[in-house]
Amino acid sequence: MTEDVHEVYAIRYGHHARRSSENFIGGDPHDVLQPLDYFVWAIVGSAGAIIVDSGFDEAMSRRRQREITKPVRDGLAALGIAPEAITTVIISHLHYDHCGNHELFPNARYHLQDREMEYATGRCMCHQAQRVAFESDDVVAMVRKVFAGRVAFHNGTDEIAPGVTVHHIGGHSKGLQSVRVKTRRGYVMLAADAVHLYAHIDQGRIFPITYNVAEVVEGYEILKKLATSPGHIVPGHDPLVLQRYPAAKPGLEGWVARLDVDTVNG
Ligand SMILES: [Zn+2]
Ligand SMILES: [Zn+2]
(Lines give C-alpha, C1' and ligand atoms only; values in the text may rest on other atoms or scores of the structure.)
(Ligands and ions follow the chains in the order given, each with its own letter.)
Protein backbone atom coordinates (compact mmCIF):
# COMPACT_ATOMS: atom_id res chain seq x y z
CA MET A 1 0.00 0.00 0.00
CA THR A 2 1.45 3.37 -0.96
CA GLU A 3 1.45 6.01 1.72
CA ASP A 4 -1.60 7.95 0.52
CA VAL A 5 -3.86 4.99 -0.34
CA HIS A 6 -6.14 3.81 2.45
CA GLU A 7 -8.65 1.17 3.36
CA VAL A 8 -12.00 2.52 4.59
CA TYR A 9 -14.51 0.83 6.88
CA ALA A 10 -18.02 1.70 8.05
CA ILE A 11 -18.69 0.47 11.58
CA ARG A 12 -22.35 0.31 12.57
CA TYR A 13 -23.03 0.88 16.25
CA GLY A 14 -26.66 1.95 16.48
CA HIS A 15 -30.13 1.83 15.01
CA HIS A 16 -33.38 3.77 15.13
CA ALA A 17 -36.65 2.46 13.72
CA ARG A 18 -38.68 5.33 12.30
CA ARG A 19 -41.13 6.22 9.52
CA SER A 20 -39.96 7.70 6.24
CA SER A 21 -42.10 10.78 6.90
CA GLU A 22 -39.63 11.70 9.64
CA ASN A 23 -36.67 11.69 7.25
CA PHE A 24 -37.62 14.42 4.76
CA ILE A 25 -38.70 18.04 4.82
CA GLY A 26 -42.26 17.88 3.54
CA GLY A 27 -42.69 14.32 4.80
CA ASP A 28 -42.97 11.31 2.53
CA PRO A 29 -46.13 10.26 0.65
CA HIS A 30 -45.32 6.57 1.11
CA ASP A 31 -44.75 6.84 4.88
CA VAL A 32 -43.07 3.44 5.10
CA LEU A 33 -40.66 2.09 7.71
CA GLN A 34 -37.28 3.72 6.95
CA PRO A 35 -34.85 3.20 9.84
CA LEU A 36 -31.55 4.98 10.36
CA ASP A 37 -28.30 3.21 11.21
CA TYR A 38 -25.54 4.93 13.18
CA PHE A 39 -21.90 4.63 12.12
CA VAL A 40 -18.35 5.61 12.83
CA TRP A 41 -15.72 5.14 10.13
CA ALA A 42 -12.12 3.92 10.16
CA ILE A 43 -9.55 5.03 7.57
CA VAL A 44 -6.64 2.62 7.68
CA GLY A 45 -3.30 3.36 6.06
CA SER A 46 0.37 2.55 6.46
CA ALA A 47 0.65 5.13 9.28
CA GLY A 48 -2.19 3.60 11.29
CA ALA A 49 -5.89 4.39 11.58
CA ILE A 50 -7.80 7.66 11.50
CA ILE A 51 -11.29 7.54 13.02
CA VAL A 52 -14.17 9.62 11.73
CA ASP A 53 -16.69 10.45 14.48
CA SER A 54 -17.00 8.88 17.92
CA GLY A 55 -20.66 7.82 18.14
CA PHE A 56 -22.67 7.84 21.37
CA ASP A 57 -22.59 5.74 24.54
CA GLU A 58 -25.16 3.72 26.53
CA ALA A 59 -26.33 6.68 28.61
CA MET A 60 -27.03 8.70 25.47
CA SER A 61 -28.78 5.78 23.79
CA ARG A 62 -31.25 5.72 26.70
CA ARG A 63 -31.62 9.49 26.77
CA ARG A 64 -32.28 9.69 23.02
CA GLN A 65 -34.04 6.30 22.78
CA ARG A 66 -31.73 5.03 20.08
CA GLU A 67 -30.56 1.42 20.19
CA ILE A 68 -26.87 0.58 20.44
CA THR A 69 -26.35 -2.53 18.31
CA LYS A 70 -22.65 -2.91 19.23
CA PRO A 71 -20.59 -0.39 21.21
CA VAL A 72 -18.12 1.62 19.12
CA ARG A 73 -15.20 0.08 21.02
CA ASP A 74 -16.30 -3.43 19.96
CA GLY A 75 -16.53 -2.42 16.31
CA LEU A 76 -13.02 -1.02 16.40
CA ALA A 77 -11.79 -4.19 18.12
CA ALA A 78 -13.33 -6.27 15.33
CA LEU A 79 -10.89 -4.49 13.00
CA GLY A 80 -8.00 -4.91 15.41
CA ILE A 81 -8.00 -1.20 16.29
CA ALA A 82 -7.18 -0.19 19.88
CA PRO A 83 -8.76 3.20 20.68
CA GLU A 84 -5.77 4.07 22.89
CA ALA A 85 -3.53 3.88 19.81
CA ILE A 86 -5.57 6.41 17.85
CA THR A 87 -3.97 9.83 17.48
CA THR A 88 -6.36 11.39 14.93
CA VAL A 89 -10.15 11.65 15.17
CA ILE A 90 -12.08 13.70 12.62
CA ILE A 91 -15.43 14.99 13.94
CA SER A 92 -17.87 15.61 11.09
CA HIS A 93 -20.07 17.80 13.31
CA LEU A 94 -21.12 18.11 16.95
CA HIS A 95 -24.51 16.39 16.91
CA TYR A 96 -24.93 13.89 19.75
CA ASP A 97 -24.57 10.84 17.51
CA HIS A 98 -21.18 11.93 16.13
CA CYS A 99 -19.13 13.22 19.07
CA GLY A 100 -19.98 11.22 22.22
CA ASN A 101 -17.84 8.58 23.97
CA HIS A 102 -15.69 11.47 25.17
CA GLU A 103 -12.99 9.36 26.82
CA LEU A 104 -12.73 6.60 24.22
CA PHE A 105 -9.68 8.07 22.45
CA PRO A 106 -7.45 9.40 25.25
CA ASN A 107 -4.46 10.03 22.99
CA ALA A 108 -6.23 11.56 20.01
CA ARG A 109 -6.33 15.05 18.61
CA TYR A 110 -9.79 15.99 17.32
CA HIS A 111 -10.26 17.72 13.96
CA LEU A 112 -13.21 20.09 13.69
CA GLN A 113 -14.34 22.98 11.50
CA ASP A 114 -14.16 26.48 13.00
CA ARG A 115 -17.77 27.09 12.03
CA GLU A 116 -19.04 24.04 13.90
CA MET A 117 -17.59 25.17 17.22
CA GLU A 118 -18.85 28.70 16.60
CA TYR A 119 -22.33 27.33 15.84
CA ALA A 120 -22.44 24.98 18.84
CA THR A 121 -21.33 27.64 21.32
CA GLY A 122 -22.97 30.76 19.89
CA ARG A 123 -26.31 32.45 19.50
CA CYS A 124 -27.95 29.74 17.38
CA MET A 125 -27.99 27.46 20.44
CA CYS A 126 -30.43 29.91 22.07
CA HIS A 127 -33.06 28.36 19.80
CA GLN A 128 -34.56 24.92 20.42
CA ALA A 129 -34.96 24.29 16.69
CA GLN A 130 -31.21 24.71 16.15
CA ARG A 131 -29.91 22.93 19.24
CA VAL A 132 -32.22 19.90 19.04
CA ALA A 133 -29.46 17.49 17.92
CA PHE A 134 -26.76 18.97 20.18
CA GLU A 135 -26.05 17.98 23.78
CA SER A 136 -24.42 20.55 26.03
CA ASP A 137 -22.27 17.84 27.64
CA ASP A 138 -20.83 16.92 24.24
CA VAL A 139 -20.08 20.54 23.39
CA VAL A 140 -18.51 21.16 26.81
CA ALA A 141 -16.38 18.02 26.43
CA MET A 142 -15.07 19.39 23.14
CA VAL A 143 -14.38 22.80 24.68
CA ARG A 144 -12.39 21.05 27.41
CA LYS A 145 -10.35 19.31 24.71
CA VAL A 146 -9.64 22.71 23.14
CA PHE A 147 -8.21 23.90 26.46
CA ALA A 148 -6.23 20.66 26.76
CA GLY A 149 -4.58 21.36 23.41
CA ARG A 150 -6.31 18.41 21.78
CA VAL A 151 -8.36 20.07 19.01
CA ALA A 152 -7.15 21.10 15.56
CA PHE A 153 -9.43 23.54 13.76
CA HIS A 154 -9.99 23.71 10.03
CA ASN A 155 -11.60 26.37 7.88
CA GLY A 156 -12.86 24.74 4.69
CA THR A 157 -10.68 22.23 2.87
CA ASP A 158 -7.61 20.86 4.64
CA GLU A 159 -5.32 17.85 4.53
CA ILE A 160 -5.34 15.59 7.60
CA ALA A 161 -2.85 13.07 6.22
CA PRO A 162 -1.61 12.24 2.71
CA GLY A 163 -4.72 11.10 0.81
CA VAL A 164 -7.16 12.22 3.53
CA THR A 165 -8.80 15.67 3.31
CA VAL A 166 -11.73 17.36 5.05
CA HIS A 167 -14.20 19.55 3.17
CA HIS A 168 -16.63 22.01 4.72
CA ILE A 169 -20.17 21.37 3.49
CA GLY A 170 -22.39 23.07 6.08
CA GLY A 171 -26.10 22.70 5.38
CA HIS A 172 -27.25 20.13 7.94
CA SER A 173 -25.06 21.78 10.58
CA LYS A 174 -23.18 25.05 10.07
CA GLY A 175 -19.72 23.52 10.29
CA LEU A 176 -20.43 20.05 8.92
CA GLN A 177 -17.43 18.54 7.14
CA SER A 178 -17.19 15.50 4.89
CA VAL A 179 -14.02 13.45 4.43
CA ARG A 180 -12.38 12.46 1.15
CA VAL A 181 -10.16 9.38 1.15
CA LYS A 182 -7.87 8.18 -1.61
CA THR A 183 -8.34 4.43 -1.99
CA ARG A 184 -7.43 1.77 -4.54
CA ARG A 185 -11.01 2.20 -5.82
CA GLY A 186 -10.59 5.95 -6.30
CA TYR A 187 -11.74 8.83 -4.13
CA VAL A 188 -14.35 7.76 -1.56
CA MET A 189 -16.40 10.51 0.11
CA LEU A 190 -17.49 9.85 3.67
CA ALA A 191 -20.39 12.29 3.54
CA ALA A 192 -21.44 11.86 7.18
CA ASP A 193 -24.63 13.89 7.58
CA ALA A 194 -24.16 15.83 4.35
CA VAL A 195 -26.15 12.82 3.06
CA HIS A 196 -28.23 10.85 5.56
CA LEU A 197 -29.68 8.31 3.11
CA TYR A 198 -29.03 7.51 -0.56
CA ALA A 199 -32.56 8.80 -1.18
CA HIS A 200 -31.54 12.30 -0.11
CA ILE A 201 -28.79 12.77 -2.69
CA ASP A 202 -30.39 10.60 -5.39
CA GLN A 203 -33.69 12.52 -5.24
CA GLY A 204 -32.45 15.94 -4.09
CA ARG A 205 -34.46 15.73 -0.89
CA ILE A 206 -33.59 17.23 2.50
CA PHE A 207 -33.38 15.82 6.03
CA PRO A 208 -35.51 17.87 8.46
CA ILE A 209 -32.68 18.92 10.82
CA THR A 210 -31.06 21.64 8.74
CA TYR A 211 -29.16 24.86 9.30
CA ASN A 212 -29.24 25.96 5.66
CA VAL A 213 -31.24 24.23 2.93
CA ALA A 214 -29.29 25.83 0.09
CA GLU A 215 -26.03 24.48 1.46
CA VAL A 216 -27.54 20.99 1.72
CA VAL A 217 -28.38 20.80 -1.98
CA GLU A 218 -25.16 22.58 -3.00
CA GLY A 219 -23.40 20.07 -0.78
CA TYR A 220 -24.73 17.21 -2.89
CA GLU A 221 -23.03 18.78 -5.93
CA ILE A 222 -19.76 19.35 -4.06
CA LEU A 223 -19.73 15.70 -2.98
CA LYS A 224 -20.33 14.53 -6.56
CA LYS A 225 -17.37 16.62 -7.74
CA LEU A 226 -15.04 15.34 -5.02
CA ALA A 227 -15.93 11.64 -5.34
CA THR A 228 -14.63 9.50 -8.20
CA SER A 229 -18.26 8.65 -9.03
CA PRO A 230 -21.65 9.09 -7.32
CA GLY A 231 -21.23 5.48 -6.22
CA HIS A 232 -18.20 6.55 -4.18
CA ILE A 233 -20.33 8.74 -1.89
CA VAL A 234 -21.13 7.02 1.42
CA PRO A 235 -24.20 8.32 3.29
CA GLY A 236 -23.99 8.79 7.04
CA HIS A 237 -27.06 6.89 8.21
CA ASP A 238 -28.24 4.52 5.47
CA PRO A 239 -28.72 0.82 6.38
CA LEU A 240 -28.18 0.08 2.67
CA VAL A 241 -24.44 0.74 3.11
CA LEU A 242 -24.11 -2.64 4.82
CA GLN A 243 -25.95 -4.32 1.96
CA ARG A 244 -24.10 -2.62 -0.88
CA TYR A 245 -20.61 -3.18 0.50
CA PRO A 246 -19.03 -6.48 1.55
CA ALA A 247 -18.34 -7.31 5.17
CA ALA A 248 -14.83 -6.35 6.29
CA LYS A 249 -14.26 -10.03 7.03
CA PRO A 250 -16.39 -13.13 7.55
CA GLY A 251 -18.53 -12.83 10.66
CA LEU A 252 -18.88 -9.03 10.47
CA GLU A 253 -21.91 -9.00 8.15
CA GLY A 254 -24.41 -6.33 9.14
CA TRP A 255 -21.80 -4.71 11.38
CA VAL A 256 -18.56 -3.65 9.64
CA ALA A 257 -18.37 -3.07 5.88
CA ARG A 258 -15.39 -2.37 3.68
CA LEU A 259 -15.87 0.74 1.53
CA ASP A 260 -12.69 0.85 -0.58
CA VAL A 261 -13.81 -2.06 -2.74
CA ASP A 262 -16.56 -2.37 -5.34
CA THR A 263 -20.11 -2.70 -4.12
CA VAL A 264 -21.58 -6.19 -4.08
CA ASN A 265 -24.93 -5.13 -5.52
CA GLY A 266 -26.79 -1.93 -6.42
ZN1 LIG B 1 -26.26 15.41 12.34
ZN1 LIG C 1 -26.11 11.96 12.42
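Counting starts at 1 for both ligands and their atoms, following the listed order.
One of the N, O or S atoms belonging to Asp193 lies under 2.8 Å away from the Zn ion (ligand 1). When distances to the Zn ion (ligand 1) are checked against a cut-off of 2.8 Å, His172 contributes an N, O or S atom below that limit. At a threshold of 2.8 Å, the Zn ion (ligand 2) has no backbone or side-chain N, O or S atom of His196 nearer than that distance. Among the atoms of His95, none of the N, O or S atoms falls under 2.8 Å from the Zn ion (ligand 2).
Aromatic ring centroids of Tyr38 and His15 lie 6.0 Å or more apart. The aromatic ring centroids of His172 and Tyr211 lie 6.0 Å or more from each other. Ring pair Phe24/His200: centre-to-centre distance below 6.0 Å.
Here CZ of Arg180 is found 11.0 Å from CG of Leu223. Values are rounded to the nearest 0.5 Å.
Among heteroatoms of the N, O or S kind in Asp97, OD2 lies nearest the Zn ion (ligand 2). Counting just the N/O/S atoms of His93, the one with the shortest distance to the Zn ion (ligand 1) is named NE2.
Ring orientation note: the planes of Phe134 and His95 are nearly perpendicular, at an angle over 60° on the 30°/60° scale.
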